[in-house]
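This chain uses plain numbering: 1 for the first residue, then up along the sequence. The analysis underlying the following values was restricted to heavy atoms, covering all of them including side chains, and did not include hydrogens, waters or symmetry mates.
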Amino acid sequence: MFGLGELAIVLILVIVLIVAKKGPELARSAGKATRILKAEARAMKDEDGAAADRAPRIVRGETAVPGTGPAAAGAQAPPAPESERPDGTPPRDGRP
């Protein structure tokens, strides 16, 4: 019968044969996965830099403080709500 030592040697030989056959394929796959991961990370980094240059998005339910954000420097302020007309009369309430 086989002892523990002989069984371990046979198991190691089987593993070596499998790795010798599939090793290059596994290494190629790992290389491709690494390149894809790096490319995606680079694209996300570039996208984050481009997003800072764009005007802020307005999302319903969020509050934006005037004068903050990437467009604050040199950007025109949004028009104030029409609380009075230019002639000084209050706005109509929308009823006919």
Is there a side-chain contact between V10 and E6, using heavy atoms and a 4.5 Å cut-off?
no
Just jot down the side chain to side chain contact (heavy atoms under 4.5 Å, CB included) partners of L26, sequence neighbours excluded, or say none.
K22
If you link I, L, V, M, F, W and Y whenever their side-chain heavy atoms are under 4.5 Å apart, who else ends up in the same group as V16?
I12
Interatomic spacing from CD1 in I9 to CG in L13 - rounded to 0.5 Å
7.5 Å
Only distances under 3.5 Å count here; give the side-chain donor-acceptor pairs of residues 27-35 to other protein atoms, sequence neighbours excluded, each with its distance to 0.1 Å.
unit_1 : atom_1 : unit_2 : atom_2 : d
S29    : OG     : E25    : O      : 3.1
T34    : OG1    : A30    : O      : 2.8

